[in-house]
There are 2 protein chains.
Amino acid sequence: MRLSTRGRYGLRAMYELALHYGEGPIPLNFIADKQMVSVHYLEQLMAKLRRAGLVVSSRGAQGGYELSRPPEKITVGDVVRITEGSFDPVQCLSNDFGDDDCEQFGDCVVRLVWKRLRDSTNEVLDSLNLRDLCDGTIDPEDTLSEKS
Amino acid sequence: MRLSTRGRYGLRAMYELALHYGEGPIPLNFIADKQMVSVHYLEQLMAKLRRAGLVVSSRGAQGGYELSRPPEKITVGDVVRITEGSFDPVQCLSNDFGDDDCEQFGDCVVRLVWKRLRDSTNEVLDSLNLRDLCDGTIDPEDTLSEKS
DNA sequence: AGAATCCCAAGTAAACTAATCGGGATTCCT
DNA sequence: AGGAATCCCGATTAGTTTACTTGGGATTCT
């Protein structure tokens, strides 16, 4: 249950883009410098995020990446689901898994456990958006912050 | 963010032991048959659980494994943390990670996200014990069941 | 004695991770 | 027009992890 660098770098990159939202395209080498990651590796992550429609890119000099919509419209879950893959802890929770693929699909007790785990993961990560990260108002103690 | 077979088989094995709690030692081949897993592979998982004190073993004929305490005293989190490893999604959340190991340790925004993720994971998995699994009273819709 | 079981350590094929490498296609700026 | 800056794409690779398998030894019951 460890996040890969894809999810970590991906979110950090998106956080950086959120900080500079509205300032035009930000080149990857700017982000790479801040994070000590190779531009090439970041490119792979950004390609995924671009195909998913979370960022738009402009090529050529003065080009770069920017968020496709305002930071408050992009949740942490949006980002991590793309870069890291879905949160389904087990295969039998994914959409393309049929009843026939596991003989005890219907009444599998442990499956309910993994379902809860997935749901709570989605809930936590979707309760935070990129604006929240920029504002720095996340309470480290709260698990699920109630936004008043 | 996918669970390995260790966490899945481990919990299923413990669920099986919980179902037969009080009936004396259950041999591994009984569990292996039900789960279509090799006895040898299960042995590796049970070794971890035994070293962690969650099960006790008896050797020789008529031997096997049994829970070291009643099912309601063992949470799903207890089991999965042992077989799967801790839930720290990133290294900088683990105990042996010092402030010096990451220059922005103190005021790292994304780290707060991963912290929340870890806390909610622990919360969900510790809210269920092996007795709950046996009772079959888990509501598939609830993320965190309130036991009344 | 012999069967059933747990115990331990090593080996292994396949997949995955985290990159790196090399080059091509656009676009801006002068 | 030329050159620099940038994104874009696909291949390769070293290292790690996963999910086992193999082979045997120790203990206990009958």
Side-chain angles (χ1 to χ4, degrees), chain A residues 1-13 16-17 20 23-33 35-68 80 83-86 88-91, chain B residues 1-13 16-17 20 23-33 35-68 80 83-86 88-91:
Chain A
M1 291 293 287
R2 186 147 277 176
L3 229 53
S4 73
T5 54
R6 296 189 300 278
R8 292 188 278 129
Y9 295 171
L11 182 60
R12 298 176 72 97
E16 209 67 52
L17 290 185
H20 295 92
E23 303 175 11
I26 310 291
L28 276 194
N29 60 35
F30 173 83
I31 298 173
D33 284 352
Q35 284 185 39
M36 307 281 290
V37 189
S38 89
V39 172
H40 260 313
Y41 192 47
L42 266 187
E43 273 178 345
Q44 296 178 38
L45 304 180
M46 296 312 286
K48 283 188 172 192
L49 293 165
R50 178 173 46 80
R51 280 181 234 119
L54 295 182
V55 299
V56 290
S57 61
S58 4
R59 305 175 74 165
Q62 262 63 40
Y65 290 89
E66 52 197 316
L67 301 184
S68 63
V80 183
T83 53
E84 188 76 9
S86 89
D88 298 337
V90 292
Q91 278 208 332
Chain B
M1 292 292 286
R2 187 147 278 178
L3 229 53
S4 72
T5 54
R6 295 189 299 278
R8 292 188 277 128
Y9 294 171
L11 182 59
R12 297 176 72 98
E16 208 67 51
L17 290 185
H20 295 92
E23 304 175 11
I26 310 291
L28 274 195
N29 58 36
F30 173 83
I31 298 174
D33 284 352
Q35 284 185 39
M36 306 280 289
V37 188
S38 89
V39 171
H40 261 313
Y41 191 47
L42 266 186
E43 271 178 345
Q44 294 177 38
L45 304 179
M46 296 311 286
K48 283 187 172 192
L49 293 165
R50 177 173 46 81
R51 277 180 236 120
L54 295 182
V55 298
V56 290
S57 62
S58 6
R59 305 175 74 166
Q62 262 62 40
Y65 290 90
E66 52 196 316
L67 300 184
S68 64
V80 183
T83 53
E84 189 76 7
S86 88
D88 298 337
V90 292
Q91 279 208 333

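Numbered from 1 within each chain, the chains take letters A, B, ... in sequence-line order. The figures here come from the full heavy-atom set of this structure, side chains too, leaving out hydrogens, waters and symmetry mates.
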Do A:Gln62 and A:Pro25 have side-chain heavy atoms sitting under 4.5 Å apart?
no
Determine whether B:Glu66 and B:Leu17 make a side-chain contact, defined as any pair of heavy atoms from C-beta on separated by less than 4.5 Å.
no
Can you tell which of [options] lies closest to the side chain of [X]?
| X | options | result |
| --- | --- | --- |
| A:Ser57 | D:dC7, C:dA18, C:dC7 | D:dC7 |
| A:Arg6 | C:dC7, C:dA18, C:dA4 | C:dA18 |
| B:Gln62 | D:dC29, D:dC9, D:dT18 | D:dC29 |
| B:Arg59 | D:dC7, C:dC7, D:dT18 | C:dC7 |

Side chain to side chain contact (heavy atoms under 4.5 Å, CB included) between A:Met46 and A:Leu28: does it pass, once the steps are laid out?
CA-CA 9 Å; A:Met46 296 312 286; A:Leu28 276 194; 3.6 Å; yes
Enumerate the protein-to-nucleotides 9-15 of chain C contacts in which both atoms are nitrogen or oxygen and the separation is below 3.5 Å.
none

With distance as the sole criterion, do the side chain of A:Glu43 and the base of D:dC8 form a donor-acceptor contact below 3.5 Å?
yes
Could you state the atom-to-atom distance from [atom1] of [X] to [atom2] of [N] in whole Å?
| X | N | atom1 | atom2 | value |
| --- | --- | --- | --- | --- |
| B:Leu17 | C:dC6 | CG | C1' | 14 Å |
| B:Leu45 | C:dC7 | CG | C1' | 14 Å |
| A:Met46 | D:dC9 | CE | C1' | 16 Å |
| B:Tyr9 | D:dT18 | OH | P | 14 Å |
| A:Met36 | C:dA19 | CE | C1' | 15 Å |
| B:Leu42 | D:dT21 | CG | P | 11 Å |
| A:Arg51 | D:dG10 | CZ | C1' | 11 Å |
| A:Arg2 | D:dT16 | CZ | P | 15 Å |

Does [X] have a side-chain nitrogen or oxygen under 4.0 Å from the phosphate oxygens OP1 or OP2 of [N]?
| X | N | answer |
| --- | --- | --- |
| B:Asn29 | C:dA4 | no |
| B:Ser4 | D:dA19 | yes |
| B:Tyr65 | C:dC7 | yes |

Evaluate the side chain to side chain contact (heavy atoms under 4.5 Å, CB included) criterion for residues B:Thr5 and B:Tyr41: first the C-alpha distance (whole Å), next the side-chain angles of each, then the deciding distance (0.1 Å), finally the verdict.
CA-CA 10 Å; B:Thr5 54; B:Tyr41 191 47; 2.9 Å; yes
In chain order, what residues pass the side-chain contact (heavy atoms from CB on, under 4.5 Å) check against B:Arg59, with sequence neighbours excluded?
none
B:Leu28 or A:Ser38, whichever maps to the more 5' nucleotide of DNA chain C
B:Leu28
Please name all residues satisfying ring-ring contact (aromatic ring centres under 6.0 Å, His included) with B:His20, sequence neighbours left out, ordered by chain then number.
B:Phe30
Between A:Arg50 and B:Thr5, whichever has its closest DNA chain D nucleotide further toward 5' is A:Arg50
From B:Tyr9 OH over to B:Met36 CE, what is the distance, rounded to the nearest 0.5 angstrom?
10.0 Å
Give, for atom OG of B:Ser57 and atom CG of B:Leu49, the distance between the pair rounded to the nearest 0.5 Å.
11.5 Å
